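A single structure is presented below for examination.
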Number of protein chains: 2
Amino acid sequence: MRNRLTDLLGIAYPIVQAPMGWIARSKLASAVSNAGGMGIIETSSGQLEDVRAEIRKMRELTDKPFGVNIAQAFVRDPDIVSFVIDQGVRFVTTSAGDPKRYCSALKEAGLTVFHVVPSLKAALRALEAGVDGLVVEGGEGGGFKNPREVASMVLLPLVCSRTDKPVIAAGGMVDGRSMAAAFALGAEGIQMGTRMVSAQESPVHENWKQAIVAAEETDTVFLNRFGPGPALRALRTTRTTTLEKEPADNIMGEFRNILDLYFGGDLEAAIPLTGQVAGRIDEIKPVAQIITETVRECEQILDRLARAYPVH
Amino acid sequence: MRNRLTDLLGIAYPIVQAPMGWIARSKLASAVSNAGGMGIIETSSGQLEDVRAEIRKMRELTDKPFGVNIAQAFVRDPDIVSFVIDQGVRFVTTSAGDPKRYCSALKEAGLTVFHVVPSLKAALRALEAGVDGLVVEGGEGGGFKNPREVASMVLLPLVCSRTDKPVIAAGGMVDGRSMAAAFALGAEGIQMGTRMVSAQESPVHENWKQAIVAAEETDTVFLNRFGPGPALRALRTTRTTTLEKEPADNIMGEFRNILDLYFGGDLEAAIPLTGQVAGRIDEIKPVAQIITETVRECEQILDRLARAYPVH
């Protein structure tokens with residue numbers, strides 16, 4: 001499967017793994033890169049020393065391209081740019097901040113830079129900053145979100161109608177059907193978050209993976225729409241159901257014990273960031289299977305649709 | 001453009017107009033039917049006498065098929081079923097209530113019955129009731145909604161994976177891109193609400209149409225998630241922005257002066273039910289143009305994608 005995105009990033013399949021804090025480390029990211037997708041190392045955990053070690057580890061685990069996400073609101077270390085450049089990373093996504101902040105420095109060093117955007121306004125700002133492409137993030141996705149969330153079905157074609165740069169669809173992406181839909185809406189790649197959290201190579205506790213498998217499509221909540229701090233989408237638990245009705249004074253405080261949730265398996269210890277696609281995940285699969293099934297299904301759907309609905 | 005839905009309903013294009021209360025009357029619905037789509041007469045206004053007159057009027061305005069929506073929570077007249085049957089209507093969508101309530105009687109009279117569903121659970125219940133197909137309603141759409149709303153990108157493929165009956169996608173549907181995406185996700189038809197509200201033949205006041213044209217994709221609010229009464233998606237106005245933070249004790253009371261909004265043009269008089277696609281509507285177009293552009297664009301996109309991504 002070839003398009004502008006695979007050519008630009010030097011990957012076999014235009015499937016990018018989302019940069020989940022703590023989770024998007026070398027074990028998962030190398031599995032994605034080795035399967036022909038784009039593995040990404042996160043920085044939103046803020047644990048820069050660990051992240052540096054993970055980036056180094058990627059060199060041992062894969063000889064395929066991988067990227068780094070710079071989550072600007074969470075990484076205040078000005079050295080992050082030179083560190084990423086020094087590590088020889090060729091692809092960076094920037095998010096949660098002003099797209100102008102790092103774009104020039106990264107591009108001058110020859111890196112490919114995509115900015116993550118939750119609205120048309122943000123997309124236009126990023127394009128003005130000179131990014132090479134966009135990750136367009138629909139509100140159905142898990143994680144930190146724009147408080148005025150917009151579904152991929154609306155946001156993605158809107159942004160694509162305003163730019164010729166390649167666009168990666170995030171939010172709702174889980175298989176070949178959603179990939180084909182994203183392509184119909186104008187994207188040339190997809191980013192999977194919750195699907196990768198639940199993958200066999202994901203480092204999270206089995207309890208969380210099983211909770212994703214068990215979840216129905218209605219089992220997420222959208223929290224903290226009115227701030228202060230970021231809004232977010234998470235799995236419905238006792239804690240998050242309470243937070244939905246009685247917002248926390250400081251939402252970030254709810255992440256204090258996140259490691260007990262992510263790696264200790266206590267789903268009530270913090271907030272399990274999860275997208276609506278949890279309702280479409282029935283099985284824990286190896287990353288390579290996820291990627292090859294997605295690509296094959298996408299191609300088959302597009303072929304079948306073109307035959308069923310010929311141009312008149 | 002032919003598929004099971006066009007064959008089943010006897011229409012040229014698998015595009016259905018949503019049954020907006022007060023708005024889905026003969027002027028708009030006949031324009032849709034005459035353009036080859038499926039015009040629908042509403043009952044959610046509760047004004048059954050007017051609705052009966054509108055159904056009769058349809059016979060003068062079109063010789064093409066049209067349908068009626070029975071919004072069960074709003075129409076408590078037990079005669080509605082025999083009235084619809086007596087009028088010779090061949091297609092009915094039922095919504096906002098138990099799918100078993102009218103399904104048998106309508107089907108025994110030879111009508112085709114689709115039920116509107118906002119979740120997989122509701123879909124399975126409707127299939128059990130024996131419906132001929134489903135309208136699957138994503139949370140990005142305008143109007144009354146399930147309080148736990150799910151985006152079309154997730155809900156549509158989930159429901160389609162569990163049934164072989166034809167599915168009509170609602171929520172986010174506005175053009176050929178969204179139609180192609182809906183087909184990729186498993187639908188065989190689309191339902192347009194906000195796009196039809198803003199159409200030239202729509203009876204609503206010019207102020208509301210212009211507000212839809214002016215709206216950005218982030219300019220809707222989701223209200224009344226915790227009840228009592230139905231949740232809903234509406235255009236962001238001063239009134240609805242207040243209601244977003246300070247829920248009404250009785251949300252239906254906010255519709256008291258709805259006619260002053262819909263037909264008087266006072267956008268603050270009540271709640272303007274509107275979907276996120278308002279952000280993708282830049283122009284007031286005649287219904288026939290909307291339908292032919294949508295179909296042509298959909299076919300062209302599917303053709304282009306199949307060429308760009310051949311099966312390997």
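All of these numbers come straight from a predicted model, not from anything done at the bench.
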>> Please identify, among B:E140, B:R296, B:R280, the residue contributing the most non-hydrogen atom pairs under 4.5 Å to chain A.
In response: B:R280
>> Please identify which of these residues, A:V277, A:V174, A:L185, meets the side chain to side chain contact (heavy atoms under 4.5 Å, CB included) condition with B:M153.
In response: A:L185
>> I need the minimum non-hydrogen distance between A:A184 and B:R177, along with the two atoms involved.
In response: O-NH1, 2.5 Å
>> So for B:M173, is it side chain, backbone, both, or neither that comes closer than 4.5 Å to the heavy atoms of chain A?
In response: side chain
> If contact means a heavy atom pair closer than 4.5 Å, which residues of residues 299-312 of chain B contact chain A?
Replying inline: B:E299, B:Q300, B:I301, B:L302, B:D303, B:L305, B:A306, B:A308, B:Y309, B:P310, B:V311, B:H312
>> Tell me if a side-chain donor or acceptor on B:Q276 pairs with a main-chain N or O of A:A151 at a distance below 3.5 Å.
In response: yes
> Between A:R2, A:K245, A:K121, A:R225, which residue shows the highest count of heavy-atom pairs closer than 4.5 Å to chain B?
Replying inline: A:K245
> Given a strict heavy-atom distance threshold of 4.5 Å, which part of A:F226 is in contact with chain B: side chain, backbone, both, or neither?
Replying inline: side chain
>> Can you tell me if B:R4 has over 12 outside heavy atoms packed within less than 6.0 Å of its CZ?
In response: yes
> Considering the options A:V154, A:V150, A:L155, which one meets the side chain to side chain contact (heavy atoms under 4.5 Å, CB included) requirement together with B:T218?
Replying inline: A:V150
> So do B:L120 and A:E216 actually touch side chain to side chain, heavy atoms under 4.5 Å?
Replying inline: no
> Taking the side chain as C-beta and beyond, is there a heavy-atom pair between A:D219 and B:R148 under 4.5 Å?
Replying inline: yes
>> Quick check for you: to the nearest 0.5 Å, what is the distance between B:D175 atom CG and A:S161 atom OG?
In response: 9.5 Å
